[in-house]
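This report refers to the structure that appears directly beneath it.
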Amino acid sequence: MDMSQQISSPNHEIAVYLAAIWDGLKDQITPFLSVLYIDDTIYRMLDSHGRRYIARKFMEHTREAVMYCRDGNRGDRHYLGPPRYFIANGGVIHSPDGLEPIWAMNDGLNTRLESVAACQPTVPLKPTKIPRPPNAYILYRKDRHNLVKAANPGITNNEISQILGRAWNQESRDVRQKYKQMSEEIKIALLEKHPDYQYKPRKSSEKRRRTRRSQQAHAILVDANLAAPDDDAVEGHSVTSV
DNA sequence: GTGAATGAAAT
DNA sequence: ATTTCATTCAC
């Protein structure tokens, strides 16, 4: 191998350059980190290839599709992370110019979803979590949930469940059969789309324990570039789709 | 995350 | 026989 040839090649220089940038960025990585903070200066040094390179390196850590987002509150900050990270806790992804997505937390007043940018995975990702198909009662409850709520202002979901649980047990075999039929069709459709689907309940010990950090506290952590354990959020295997 | 109902599917 | 998780969303 002719090393001198490689060292002098532009490609090699670029590779070294990108590797150096990644080297600096990866200092942020902890086992729980799900979003990478990238200073605007660094971000602008990267062209599309460079950004793709960094994204790929980071995906190797997150095992999820990631996207870039500019900080909606501070234009000089960029983040790289799974779309679900930006969406969580009322966050929205703006893309006013249709090009560069901007992430902002929902203040309930003047944030609106303009458009959502897509991103394409380039490394093997964690398999998507396929939701369990709903049973007959779940479909029945879903159907009547809004009706019961409208008829009983201030009613809680638990009360709705109690009411519809009784209603379900009183329902004619016709109605029950109708929903049973629906649930079976949905299940068949699911198996058709995901032939390898299999229900995999976790042990209760595997369920999420830590109570969620407040939105505000979380925003502060992110802003201080201390974004932490917000992400073992993936039960067993899954990616929240956007 | 929990609760509150039912039921499918796993353990 | 027991447990998880599908739906909903205030708490």
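Throughout, a chain's letter reflects where its sequence line sits, starting with A, and its residues are numbered from 1.
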In whole Å, I'd like the distance from the CG atom of A/Asn169 to the C1' atom of B/dA5. 9 Å
Quick one, A/Ile29 and A/Phe58 - any side-chain contact, counting heavy atoms below 4.5 Å? yes
When you get a sec, tell me which of C/dT7, B/dA5, B/dA10 is the closest nucleotide to the side chain of A/Pro201? B/dA10
Separation of atom CG in A/Leu190 from atom P in C/dT7, rounded to whole Å: 11 Å
Per atom distances to the A/Pro131 side chain, the nearest of C/dA6, C/dC9, B/dG7 is C/dA6
Give a yes/no on whether any side-chain N or O of A/Arg202 is located under 4.0 angstrom from OP1 or OP2 of B/dA10. no
A/Tyr140 OH to B/dA5 P, straight-line distance once rounded to whole Å: 15 Å
Aromatic ring proximity A/Tyr68/A/Tyr43, centre distance under 6.0 Å: yes
Using atom CD of A/Glu171 as one end and atom P of B/dT6 as the other, report the distance to the nearest whole Å. 13 Å
OP1 or OP2 of B/dA9 under 4.0 Å from side-chain N/O of A/Lys187: yes
Take the protein atom CD1 of A/Ile160 and the nucleotide atom P of C/dC9, then report the distance between them rounded to whole Å. 8 Å
Phosphate-side-chain proximity, A/Asn158 and C/dA10, N/O vs OP1/OP2 below 4.0 Å: no
Could you check A/Ala136 against A/Glu159 and say which one's nearest nucleotide on DNA chain B is further toward the 5' end? A/Glu159
For DNA chain C, whose closest nucleotide is more 5', that of A/Asn146 or that of A/Tyr197? A/Tyr197
Any non-hydrogen side-chain atom of A/His78 less than 4.5 Å from a side-chain atom of A/Asp40? yes
Can you name the closest pair of heavy atoms from A/Ser161 and A/Tyr137 and give their distance? O-OH, 3.3 Å
Using a heavy-atom cut-off of under 4.0 Å over every strand shown, decide if A/Pro134 touches base, sugar-phosphate, or nothing. nothing
For C/dT8, take OP1 and OP2 only and decide whether either is under 4.0 Å from a side-chain N or O of A/Lys142. yes
Is any side-chain heavy atom of A/Tyr53 less than 4.5 Å from a side-chain heavy atom of A/Leu46? no
Quick note, A/Asn157 side chain, CB onward, closest among B/dA10, C/dA10, B/dA8 is C/dA10
A/Ile138 near the nucleic acid: base, sugar-phosphate alone, or nothing, with a heavy-atom cut-off under 4.0 Å? base
Residue mapping more 5' on DNA chain C - nearest nucleotide basis, A/Arg132 or A/Arg141: A/Arg132
Whole angstrom value for the distance that separates C1' of B/dG3 from CD of A/Gln162: 10 Å
Looking across every strand, which nucleic acid part, if any, lies under 4.0 Å from A/Arg176 by heavy atom: base, sugar-phosphate, or nothing? sugar-phosphate
Between P of B/dA8 and CD of A/Glu184, the distance in whole Å: 8 Å
Taking only side-chain N and O atoms of A/Lys180, does any of them lie within less than 4.0 angstrom of OP1 or OP2 on B/dG7? no
Check A/Ala65 against A/Met59 and note the closest heavy-atom contact, atom names and distance. CA-SD, 3.8 Å
Whole-Å distance separating the NE2 atom of A/His194 from the P atom of C/dA6: 13 Å
